[in-house]
Number of protein chains: 2
Amino acid sequence: MGDELRRFKSEIFQGLAHPTRIAIVELLRDGELSAGQLIEKLGLEQANASQHLAVLRARQIVVKRKAGNQVYYSIRDHALIEVLDILRRYFYSQLSTTVSLLREAAREAPRSRTGAHR
Amino acid sequence: MGDELRRFKSEIFQGLAHPTRIAIVELLRDGELSAGQLIEKLGLEQANASQHLAVLRARQIVVKRKAGNQVYYSIRDHALIEVLDILRRYFYSQLSTTVSLLREAAREAPRSRTGAHR
DNA sequence: ATAGTATATTCGAAAGATCGAATATTGTCA
DNA sequence: TGACAATATTCGATCTTTCGAATATACTAT
């Protein structure tokens with residue numbers, strides 16, 4: 001039971017575990033885009049984009065709609081956008097603690113100009 | 001700038017992209033546990049557990065505290081717990097739409113006992 | 001110092017992810 | 001129909017992840 005849920009979560013994470021796929025999901029945040037539009041906006045190889053879209057489809061992160069010649073993609077559930085937003089905030093909070101750690105280190109050892117030790 | 005952020009997000013996702021590591025993070029939800037306690041609760045090989053903990057440490061998902069002989073692990077930031085909670089809800093909502101799709105399919109084709117088409 | 005316990009790292013094999021090039025599929029329009 | 005445009009899939013090379021077995025490190029207690 002919880003086992004199934006854990007497998008599910010890890011599959012979602014795997015689905016998002018690539019910068020290109022994150023970029024795709026972020027572009028789709030405000031509505032659907034065709035594969036071609038994604039390729040253009042991200043400057044991807046056609047095959048590569050299609051492969052990443054296949055990963056997102058397999059994990060049901062994204063949903064497609066065919067319109068004639070084109071295929072429009074959109075996010076299947078807004079929950080994943082929420083997840084990305086949490087991680088954005090998380091990123092900046094980690095960043096600021098890292099910065100203050102660096103600042104503190106600089107105060108303790110004001111002579112050193114490089115961060116390197118040893 | 002956004003590039004760095006995307007790389008960061010994908011690294012977090014990679015860090016969580018394994019059922020064992022999710023299980024570890026979930027166990028740590030209510031406070032720290034030693035490596036040995038994690039091994040025991042999850043029934044892992046010692047080396048395997050240590051490797052997964054190394055991944056979580058490398059991604060700064062988890063933080064360690066040495067106490068004598070033992071090493072206690074805890075979650076670095078509660079944000080990640082939030083993420084797991086969102087995915088739990090997401091899982092159940094997907095599950096219920098899947099169930100209703102199946103139910104609908106059964107109503108449309110009541111003769112068929114298998115899900116196979118073609 | 002030695003033995004014992006807890007944890008981490010290294011190694012090699014197997015499985016999986018990623019990429020671009022090439023090819024296949026599907027739809028449109030003349 | 002045939003030519004074209006958009007998207008998907010397959011192939012093979014390369015890189016990464018994962019695992020258990022073996023080994024290393026760090027700490028405690030005698």
Side-chain angles (χ1 to χ4, degrees), chain A residues 3 6-25 27-28 31-76 118, chain B residues 3 6-25 27-28 31-76 118:
Chain A
D3 224 47
R6 270 194 292 277
R7 226 186 332 274
F8 173 81
K9 286 173 183 171
S10 72
E11 275 170 25
I12 297 288
F13 287 132
Q14 251 177 54
L16 294 172
H18 193 286
T20 298
R21 293 198 291 273
I22 297 203
I24 290 172
V25 171
L27 275 179
L28 296 180
E32 64 177 19
L33 288 175
S34 72
Q37 290 174 311
L38 289 168
I39 288 169
E40 197 209 334
K41 297 203 184 219
L42 293 173
L44 300 175
E45 289 286 322
Q46 186 272 323
N48 191 234
S50 220
Q51 288 160 352
H52 282 303
L53 287 169
V55 172
L56 292 172
R57 252 186 292 127
R59 304 277 153 62
Q60 311 242 60
I61 291 169
V62 112
V63 131
K64 72 170 173 177
R65 171 177 79 82
K66 292 187 75 163
N69 223 1
Q70 280 139 302
V71 179
Y72 285 88
Y73 282 92
S74 52
I75 308 278
R76 186 188 146 116
R118 201 157 300 272
Chain B
D3 225 49
R6 271 194 292 277
R7 230 190 325 277
F8 173 81
K9 286 173 182 171
S10 72
E11 274 169 26
I12 298 289
F13 287 132
Q14 249 177 54
L16 295 171
H18 194 287
T20 299
R21 293 197 292 271
I22 298 204
I24 290 173
V25 171
L27 275 179
L28 297 180
E32 64 176 20
L33 289 174
S34 72
Q37 290 174 310
L38 288 168
I39 288 169
E40 198 209 335
K41 298 205 185 216
L42 294 172
L44 300 175
E45 290 286 323
Q46 186 272 323
N48 191 234
S50 221
Q51 288 160 352
H52 281 302
L53 287 169
V55 172
L56 292 172
R57 252 186 292 126
R59 302 284 172 8
Q60 311 243 59
I61 291 169
V62 113
V63 132
K64 71 171 174 175
R65 172 176 80 82
K66 292 187 76 164
N69 222 1
Q70 279 139 305
V71 179
Y72 286 89
Y73 282 92
S74 52
I75 308 279
R76 185 187 147 118
R118 204 161 295 275

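Lettering follows sequence order; numbering is per chain, from 1.
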Task: Separation between CD1 of A:Ile12 and CD1 of A:Ile61, rounded to the nearest 0.5 Å - done: 4.5 Å
Open item on the list: Checking contacts here: which listed nucleotide (D:dT9, D:dT7, C:dT9) is nearest the side-chain heavy atoms of A:Ala35?
Closed with: D:dT7
Open item on the list: Given C:dG27, C:dT7, C:dC19, identify the nucleotide with an atom nearest to the side chain of B:Val71.
Closed with: C:dT7
Task: Nucleotide D:dT7, atom P - distance to CG of A:Asn48 in whole Å - done: 15 Å
Task: Under 4.0 angstrom between B:Tyr73 side-chain N/O and C:dA6 OP1 or OP2 - done: no
TODO: May I ask you to verify if any side-chain N or O of A:His52 is less than 4.0 angstrom from the OP1 or OP2 atom of C:dC19?
DONE: yes
TODO: Please report, rounded to the nearest Å, how far the P atom of C:dC19 is from the CG atom of A:Leu42.
DONE: 12 Å
- [ ] Please tell me which of the listed nucleotides, C:dT10, C:dA8, D:dC11, lies nearest to the side chain of B:Ser50?
- [x] C:dA8
- [ ] Starting from P on C:dG16, measure out to CZ on A:Arg59 and report it in whole angstrom.
- [x] 12 Å
TODO: In whole angstrom, give the distance that lies between atom CG of A:Leu38 and atom C1' of D:dT7.
DONE: 12 Å
Task: A:Leu38 side chain reached by A:Leu53 side chain, heavy atoms, under 4.5 Å - done: yes
TODO: Give a yes or no answer on whether the side chain of A:Arg21 reaches the backbone of A:Gln14 with a donor-acceptor pair at less than 3.5 Å.
DONE: yes
Open item on the list: Which nucleotide wins on minimum distance to the side chain of B:Gln46, given the candidates D:dC19, D:dT28, C:dT7?
Closed with: C:dT7
TODO: Look at all strands and tell whether B:Tyr72 reaches a base, only sugar-phosphate, or nothing, counting heavy atoms closer than 4.0 Å.
DONE: nothing
Open item on the list: Measure CD/A:Glu45 against C1'/D:dA6 and give the value in whole Å, please.
Closed with: 15 Å
Task: Sole candidate of A:Gln37, A:Lys64, A:Arg65, A:Arg57 that passes side chain to side chain donor-acceptor pair (under 3.5 Å) when paired with A:Tyr73 - done: A:Arg57
Task: Out of C:dA21, D:dT17, C:dT18, whichever nucleotide has its closest atom nearest the side chain of B:Gln14 - done: D:dT17
Task: Nearest-Å distance for atom pair CD/P, residues A:Gln51 and C:dG20 - done: 8 Å
Open item on the list: Are there over 12 heavy-atom neighbours, none belonging to B:Glu40, within less than 6.0 Å of that residue's CD?
Closed with: no
- [ ] May I have the distance from B:His18 (atom NE2) to D:dT17 (atom P), rounded to whole angstrom?
- [x] 12 Å
- [ ] Check the distance between D:dC27's C1' and B:Gln70's CD and give it to me in whole angstrom.
- [x] 10 Å
TODO: Please determine, for the side chain of A:Arg57, which listed nucleotide (D:dC19, D:dA8, D:dT18) has the closest atom?
DONE: D:dA8
Open item on the list: Closest approach to the side chain of B:Lys66, judged atom by atom: which nucleotide of C:dA8, D:dA26, C:dG20 is it?
Closed with: D:dA26
